[in-house]
Peer 1: 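Right, I'll just put the structure down here and ask away after.
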Protein chains: 4
Amino acid sequence: MLRGVSSPRKPNPARRSERSRQAVLDAARRLVSELGYDKVSIEAIAARAGVGKQTIYRWWPSKGAVIFDSILALSADGESIRLPDTGDLEADLKTVMRATVAEFADPAFEAPVRALTLQVVGDPGLAALYREKLSGPVDEAKKERLRSAQRAGQLAADADLDLVLEVLYAPLYQRWQLRSGALTPEYADRLVEITLRAFAPCA
Amino acid sequence: MLRGVSSPRKPNPARRSERSRQAVLDAARRLVSELGYDKVSIEAIAARAGVGKQTIYRWWPSKGAVIFDSILALSADGESIRLPDTGDLEADLKTVMRATVAEFADPAFEAPVRALTLQVVGDPGLAALYREKLSGPVDEAKKERLRSAQRAGQLAADADLDLVLEVLYAPLYQRWQLRSGALTPEYADRLVEITLRAFAPCA
Amino acid sequence: MLRGVSSPRKPNPARRSERSRQAVLDAARRLVSELGYDKVSIEAIAARAGVGKQTIYRWWPSKGAVIFDSILALSADGESIRLPDTGDLEADLKTVMRATVAEFADPAFEAPVRALTLQVVGDPGLAALYREKLSGPVDEAKKERLRSAQRAGQLAADADLDLVLEVLYAPLYQRWQLRSGALTPEYADRLVEITLRAFAPCA
Amino acid sequence: MLRGVSSPRKPNPARRSERSRQAVLDAARRLVSELGYDKVSIEAIAARAGVGKQTIYRWWPSKGAVIFDSILALSADGESIRLPDTGDLEADLKTVMRATVAEFADPAFEAPVRALTLQVVGDPGLAALYREKLSGPVDEAKKERLRSAQRAGQLAADADLDLVLEVLYAPLYQRWQLRSGALTPEYADRLVEITLRAFAPCA
DNA sequence: GTGTAAACGAGACGGTACGTCGCGTCTTAAG
DNA sequence: CTTAAGACGCGACGTACCGTCTCGTTTACAC
């Protein structure tokens, strides 16, 4: 059998050092916070983690993947997400949206989230991974709350829930991304009100 | 007399070579299309443009600025923008949104626009420039059309027009950015309908 | 009980795998021939020999030692060496020197012998080993023949035999090493004649 | 005209920085003395010289070439070499040989000369360069002295002078290289005596 | 016209980081 | 307990670009 140019010799995951994996992800996370995405280098991650560069190259295909993983590891602590359901959709959404606004306004979230965004915009593969691992589960939880509202007659029964989420979140997301306006609790409220009017059940 | 630390010796714009400027912008544009934003290097731009590296560093502060300029030069052909105004807001907006959707779906726009987006997300300064030079004028034209609609009673008189634009465009923009759904003419129509319902004049 | 710094844990030679040892030496020899001394790596030897790297490190202290051993294994096939003794010293030496010249001129000997030389020049320890295992026995055989000649009155009785060997062989060795001249049978003859004149018995 | 795979873009020697060249050669020389040939790395030379690695790779093809050059630069200070000629060949040669022995015994010469030797043995190209730039001129000076001796009837008129030099120097060189014996003034004297007997004029 | 100062192309420079290779050590599983 | 296999921390490799710094050579304005 021909071997061709000899395939890249893939490593055996069973022997992977969990210690090193964690050290790399930690170092990546901290460096991104300190320096911002594009001033982080693989050499710096390796040095900070006390790890050989090869160990990074062995397990991740690119700097982006490491950093993506490091951020993902933060959120994916496995807990299943659940939105508040007091029966009052508008109040519940305002609670959630105000929290989201606060999160985006927190400077500590700035660097890693921008890093994540850059990754996802620039790399279709990471975008898919992002949707699967991060936004997917969260969106599903949100849609669950919306379905509950539909059953309660607070939202049009035939509303496209993906679209509802877009109308609710995309303006906020865009404003943050382009820095085109302030992220205030009032803004959060406004988005909820507008969305509910847009998808109000037919009277 | 001593010169001290001597200020950075800024060049005289009057003597700037238009030939070189164009060559650089062209080269940048083409390289971004061919390789994508982050595989483009200043060295490559200079080589492709047949220009010394110093000529680039003399007139632009960073790679981002060159590429930003090169994309900006495309759009800013100076024509003042004007949206259609047939008197039917919904129809006019659908026309415009369908065109926008088509533009985003065009693969030829993909590389430069993603490059631009990455710039703007990552660099607050470029974000400001972007709002001033690109999105600003376009948004102003859109808002002009919306004001006309307000006068015609087709839109709530007290609607925050910036917010209207966000609700109209941000979902589309986000869908494109995260590749989270198809960009179809129907989607464009839906966004218009929802937005108009959200900001309908109080009956 | 504490082990303290614990000595380097020397392996038990009785359990050594002869199979592995041979495979390593063979692989080393062949790789030196193919690639030359300094492009051979321990990793390559281990891979070619189908042996774990640790097995090499367990039994040899350095790459040099492995290669040295591999070349040594070739020659040291245990036979005791004996020079011809027809009674005519000049004729006998010419026979031997012509053979030596031919050996050095053989391209198949080139790579390993240069490798050996580099080792020996660079590493005093290997130099000692070389003298003990390789050149020593051969030189002793040569000196035996010279003593026979001294008894026969063909060589000064008080000649320093080590010096005789140096005068006889060093020029040849240097010429080969620096590639500073051709190695011909005539050259071999000339060296013998000169040496015999230099150490002729006092008339 | 086809460009092929694009040739390696050779640099323009006119623009070469003499400052950097000297700094590299100095650094190389000192590092070889401190660490010995094979523990010197190009990175270390560049760092010590305060020079970018690329500057070394731009002008030298290999570590060996740098170090070779650095040693060569020492000797090649252009002075024409001249051996003493008192009319007494034996005395003159003993003077020279004793000096040579002393030089080889000097530990300060040890590291660079072994480095040079390793280079020359391992690389035919450097061997040629070595003969041309270093050993050539020196040997020519020695042969000049020998010719003078031939005219004075102190050496066989038909002696092959290259061979005379080999018989004179190669034993010393080999003894140093293999560390097979002490390098003493007496040894130097002995070599001269033996050589002169071997190439004595026919009585 | 001519002189002179600028901007220009070219590209060498000191650096940083890249992604790869090999070192010598350490760990695991099989015999 | 040795072995084959191979991951590990480490450090050097040779390359690509960075942004700065000369080099001559245009080029265009002031004389």
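Every chain is numbered from 1 and lettered A, B, ... according to where its sequence line falls, protein lines coming before strand lines.
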Peer 1: Does some side-chain heavy atom of F68(B) sit less than 4.5 Å from a side-chain heavy atom of W60(B)?
Peer 2: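 A side-chain contact under 4.5 Å is absent here.
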Peer 1: At their closest point, which heavy atom of V40(A) faces which heavy atom of K63(A), and how far apart are they?
Peer 2: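 The pair with the smallest heavy-atom distance is O-NZ, 3.0 Å.
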Peer 1: Heavy atoms under 4.0 Å is the rule here; annotate nucleotides 18-25 of chain E 5' to 3' with B where the base is hit, S where only the sugar-phosphate is, and - elsewhere.
Peer 2: BBBBSBBB
Peer 1: Whole angstroms only, please: what is the CH2-C1' distance between W60(D) and dC13(F)?
Peer 2: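 About 18 Å, once rounded to whole Å.
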Peer 1: If you pin A49(B) and E18(D) to their nearest nucleotides in DNA chain E, which one's is more 5'?
Peer 2: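 Looking at DNA chain E, the more 5' nearest nucleotide goes with A49(B).
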Peer 1: Where each residue is assigned the nucleotide of DNA chain F containing its nearest heavy atom, which of A46(C) and A14(B) is assigned the position nearer the 5′ end?
Peer 2: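 Residue closer to the 5' terminus by nearest nucleotide: A46(C).
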Peer 1: Are more than 12 heavy atoms, taken from residues, nucleotides or ligands other than R19(D), located less than 6.0 Å from that residue's CZ atom?
Peer 2: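 Counting other residues, nucleotides and ligands, CZ of R19(D) stays at 12 neighbours or fewer.
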Peer 1: Mark yes or no for a side-chain to base donor-acceptor pair under 3.5 Å between R16(D) and dA12(E), with no hydrogen or angle criteria applied.
Peer 2: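 Not at all, since no donor on one side and acceptor on the other fall under 3.5 Å apart.
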Peer 1: Rounded to whole Å, please give me the gap between CG in L35(D) and C1' in dA12(F).
Peer 2: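 Atom-to-atom, L35(D) to dA12(F), this comes out as 14 Å.
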Peer 1: Whether S20(B) contacts dA7(E) is assessed here as follows: a side-chain N or O lying under 4.0 Å from the phosphate OP1 or OP2. Is that the case?
Peer 2: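 Result: no.
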Peer 1: Could you give the CD1-to-P distance, from I45(D) to dG14(E), as a whole number of Å?
Peer 2: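 That distance rounds to 14 Å.
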Peer 1: Below the 4.0 Å mark, does dG9(F) have OP1 or OP2 next to a side-chain nitrogen or oxygen of T55(A)?
Peer 2: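 T55(A) to dG9(F) OP1/OP2: side-chain N or O found under 4.0 Å.
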Peer 1: Over how many whole Å does the gap from R19(B) atom CZ to dT26(F) atom C1' extend?
Peer 2: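 Atom-to-atom, R19(B) to dT26(F), this comes out as 12 Å.
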Peer 1: CG/L25(D) to CG/L72(D) distance, rounded to the nearest 0.5 angstrom?
Peer 2: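 Rounded to the nearest 0.5 Å, the CG-CG separation comes out at 9.5 Å.
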Peer 1: Is the distance from OP1 or OP2 of dC13(E) to the nearest side-chain N or O of W59(D) less than 4.0 Å?
Peer 2: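 It does, given that an N or O in the side chain of W59(D) lies less than 4.0 Å from OP1 or OP2 of dC13(E).
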Peer 1: Do side-chain atoms of R179(D) reach the backbone of V121(C) as a donor and acceptor pair under 3.5 angstrom?
Peer 2: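 It does hold such a pair.
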Peer 1: Which pair of non-hydrogen atoms, one from W59(B) and one from N12(B), has the smallest distance, and what is that distance?
Peer 2: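 So the two residues come closest at CH2-O, 3.7 Å.
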Peer 1: Figure out the CG/C1' separation between D38(D) and dA12(F), and round it to whole Å.
Peer 2: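 About 14 Å, once rounded to whole Å.
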Peer 1: Over how many whole Å does the gap from L31(D) atom CG to dA12(F) atom C1' extend?
Peer 2: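 These atoms are roughly 14 Å apart.
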Peer 1: I want to check one thing: is the phosphate of dC13(E), taken as OP1 and OP2, less than 4.0 Å away from some side-chain N or O of R58(D)?
Peer 2: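 It does, given that an N or O in the side chain of R58(D) lies less than 4.0 Å from OP1 or OP2 of dC13(E).
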Peer 1: Considering non-hydrogen atoms only, spot the tightest contact between R29(B) and S70(B) and give its length.
Peer 2: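 Scanning both residues completely, I find the closest heavy atoms to be NH1-O, 2.7 Å.
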Peer 1: For R48(B) and dA10(E), what is the distance between atoms CZ and P respectively, to the nearest whole Å?
Peer 2: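 Distance, rounded to whole Å: 15 Å.
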Peer 1: Separation of R21(A) atom CZ from dA7(F) atom P, in whole Å?
Peer 2: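 Nearest whole value for this atom pair: 17 Å.
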